Amino acid sequence: MSTPDRPAKRVTVVHPRTAAARTAAKRGVRRDVREQTELGVTMLTSLRRTQLRLAVLVVLGVAVVVIGIPLVFLAFPAVREGRVGGLAVGWFILGVAVFPAICGAGWAYVRHAERNEAAFVDLVERS
Amino acid sequence: MTSSWWPVVAVVAVVVATVVIGTFGVRVSRTTSDFLVASRSVSPFLNASAIGGEYLSAASFLGIAGLVLTYGVDMLWFPVGYTVGYLVLLVLVAAPLRRSGAYTLPDFAEMRLGSRRLRRVSSVLVVLIGWLYLLPQLQGAGITLHALTGAPQWVGAFVVAVVVGVTVAAGGMRSITVVQAFQYWLKLVAIALPAVLLVAAWYHRGAPVFASGDWGTPLSGFGGREYPLYATYSIVLATFLGTMGLPHVLVRFYTNPDGRAARRTTLSVLGLLSVFYLFPPIFGALGRVYTPELAGTSAADTVVLVLPGRVFGGWLGEALSALVAAGAFAAFLSTASGLSVSVAGVLSQDVLTHDRRLGDGVRRFRIATTIAIAVPFVLALGAARADLAETVTLAFAVAASTFCPLLVLGIWWPRLTVRGATAALLVGGSSALAAVVLVLTLGPFHGFVGALLEQPAAWTVPLAFGTAVLVSLRTHDRVPRTTPAAMVRLHTPEELEASR
């Protein structure tokens, strides 16, 4: 999470801390993003990378669990025959338990993705 | 076979309601601006219900139970995959895709890479995937009507094809979000209520356990499935990555007002699908107890329809049979009309444009609709009968091998070139489609080569991604000049756009 901080520091150094200058700068950076100047594109690239890192993290987490479940079944035959609360283990995991996990992962993702965007918007507005 | 006429009445009621709402209901126009106008008044939850209503097809409503009945616990990967597909879509695609402003997959291809040729290749693939997905919907209608009345298989397919053709050509169904949302709740009630009552009855009768052998054991290859581990991973890959590339899924995203809403809608979809998918496997499991003779036959997909009548006698059995029959037809009609609209839209916009004799926009759209539904109907008459959920998964495999690389690399990788994307669509699409055509005409196959053909995603998806990356890197001097602008558009939060 170091990337979003870096442009913040750079921007604060560049602009003088007077109210008039700040208003002018606010318009400026907004326009930078919108009109895709070098600064605007660089800032958005950092947001894109942050979001990509988050997405890859979620996808990798799902992948590890999903690739892992059949491997555990394969490696430990005893697990396959096990039971959880009257249900066979395979049924419990694939028929019931995965679904709350999927929703939880989705919920956490949305929270973090919106937070990243809010931080970015904040950064642009402040500078 | 049920001798009662209740389920037939329920099916007729669903069909008539669909035609009436579609033809004479709210006058709906097909222009994209109307979608935007509608979207502002549609909450993410209502929109999510509509997406769920369109997404839960014959494969979900009938197919999963049939597969679980025949092949056991490994088949639970299908519903898991259909749900996780939306999680992957949420994480990798949802918000940027909405921000791209694309209404169809060819729109996205052109917006991102600015190539008419790539757009045309995408259009052809949308049509082929749409037809492949329509095929099991029509087959499902055929076996449902056959199970209810003994009518020949083609009758049910014909009914759905005509109803969908008429309503779509009349301009209905599509943007009536409320109708699609209602279809979700109808399907949920139609599967959940009988399932809960069936479990209660089963428990009340002393919870008879069935001699299942390896049926409940993962990776046992029960029911004669070879290479269960390979098949599991391939199903997982196809469903996880294929969902985002389905033509009717993408169109629905346009109804969200912005990228943030697209994310929240998708999150609600995850919840709605998770609730629905708790129930179909119950029919498969109790089918093992009460209707074991269906397992492994071509009638396995009818277990959801047959089971309530078998377990409950009298009016309760008949009422529940009517309910599941209505739910099944709601599934065929909603999914088939969503797909037909997408296929017809692409046909009329991108394929039939050269022929002036086809007349103005509306007339061309109607001709396109006829083609969109007639081709899968003919295919449904001729294709080898595979399990519904298996056929649907073939469509997922083709989508995962084509549009998944286009979307994921297009959104996150600025170095994608037109040639890289086109090569990926051609290589991934032709290899996956070749496997699908072989399976549907000459299948089923056996041995390891058979497993590779029956579940192609595990090798066609990496092939497509590899092609896209390698060709793009080899043509790195041809990255479109519009790429930085497109990337900014895809990833800029709305707050910065709105306050210009």
Side-chain angles (χ1 to χ4, degrees), chain A residues 29-31 33-36 38 40-41 44-45 47-49 51-52 54-59 62-63 65-67 69-74 77 79-81 86-91 93-96 98-107 109-110 113-114 116-118 120-122 124-125, chain B residues 68 72-77 79-81 83-84 86-88 90-96 207 212 216-220 228-229 232-233 236 240 259-260 263-264 266-267 269-271 273-275 277-278 281-282 285 411-414 484-485 487-488 490-497 499-500:
Chain A
V29 177
R30 266 171 183 280
R31 205 189 298 131
V33 172
R34 211 162 49 230
E35 293 175 359
Q36 299 144 31
E38 207 171 319
V41 170
L44 249 154
T45 304
L47 171 66
R48 194 188 74 222
R49 295 213 171 123
Q51 298 286 51
L52 180 60
L54 173 63
V56 167
L57 202 70
V58 176
V59 170
V62 171
V65 173
V66 162
I67 293 172
I69 291 174
L71 287 184
V72 168
F73 286 149
L74 203 67
V79 176
R80 287 191 238 174
E81 312 287 347
L87 271 178
V89 154
W91 272 88
I93 294 177
L94 296 177
V96 184
V98 280
F99 292 108
I102 293 169
C103 294
W107 181 78
Y109 166 77
V110 170
E114 290 191 350
N116 288 346
E117 282 179 359
F120 178 78
V121 171
D122 203 40
V124 173
E125 309 254 287
Chain B
V68 169
V73 68
D74 281 342
M75 299 300 104
L76 294 179
W77 282 106
V80 171
T83 315
V84 177
Y86 263 99
L87 178 63
V88 176
L90 165 70
V91 167
L92 288 175
V93 175
S212 63
T217 310
L219 299 177
S220 59
L229 190 67
T232 299
Y233 282 138
V236 161
F240 282 25
R260 247 171 85 91
R263 277 202 204 105
R264 295 186 166 197
T266 316
L267 186 57
V269 171
L270 284 180
L273 295 182
S274 295
V275 172
Y277 283 131
L278 294 175
I282 292 173
I411 288 171
W412 299 106
W413 198 48
M487 296 310 266
V488 166
L490 290 173
H491 296 281
T492 307
E494 282 76 20
E495 289 92 327
L496 295 180
E497 290 287 322
S499 51
R500 312 190 160 204

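Throughout, a chain's letter reflects where its sequence line sits, starting with A, and its residues are numbered from 1. As the structure is a prediction and not an experimental result, all values here were calculated from the model.
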Answer with side chain, backbone, both or neither: which region of B:Leu490 has an atom nearer than 4.5 Å to a non-hydrogen atom of chain A?
neither

Under 4.5 Å to a heavy atom of chain A? For B:Val236 that would be side chain

Give a yes or no on whether a salt bridge exists between B:Arg260 and B:Glu494, defined as a side-chain N under 4.0 angstrom from a carboxylate O.
no

Top of A:Val59, A:Leu74, A:Val62, A:Leu52 for chain B proximity - count of heavy-atom pairs under 4.5 angstrom:
A:Leu52

Look at A:Gly90, A:Ala105, A:Pro70, A:Gly95 and state which one has the largest set of heavy-atom pairs under 4.5 Å with chain B.
A:Pro70

Taking the side chain as every heavy atom from C-beta outward, state whether B:Tyr233 and A:Leu71 have any atom pair closer than 4.5 Å.
yes

Given a strict heavy-atom distance threshold of 4.5 Å, which part of B:Phe240 is in contact with chain A: side chain, backbone, both, or neither?
side chain

Who wins among B:Leu278, B:Val68, B:Leu229, B:Thr266 for the most heavy-atom pairs under 4.5 Å with chain A?
B:Leu278

Part of A:Leu47 lying under 4.5 Å from any heavy atom of chain B
side chain

Non-hydrogen atoms of A:Phe99 and A:Leu94 that approach each other most closely
CE1-O, 3.9 Å

Tell me which of these, A:Ala55, A:Pro77, A:Ala118, has more heavy-atom pairs under 4.5 Å with chain B than the rest.
A:Ala55

With the side chain counted from C-beta on, respond yes when A:Val41 and A:Leu44 share a heavy-atom pair under 4.5 Å apart, and no when they do not.
no

Enter the distance from B:Leu87:CG to A:Cys103:SG here, rounded to the nearest 0.5 Å.
9.0 Å

Under a 4.5 Å cutoff for heavy-atom pairs, which residue among A:Trp91, A:Trp107, A:Phe73 has the most contacts with chain B?
A:Trp91

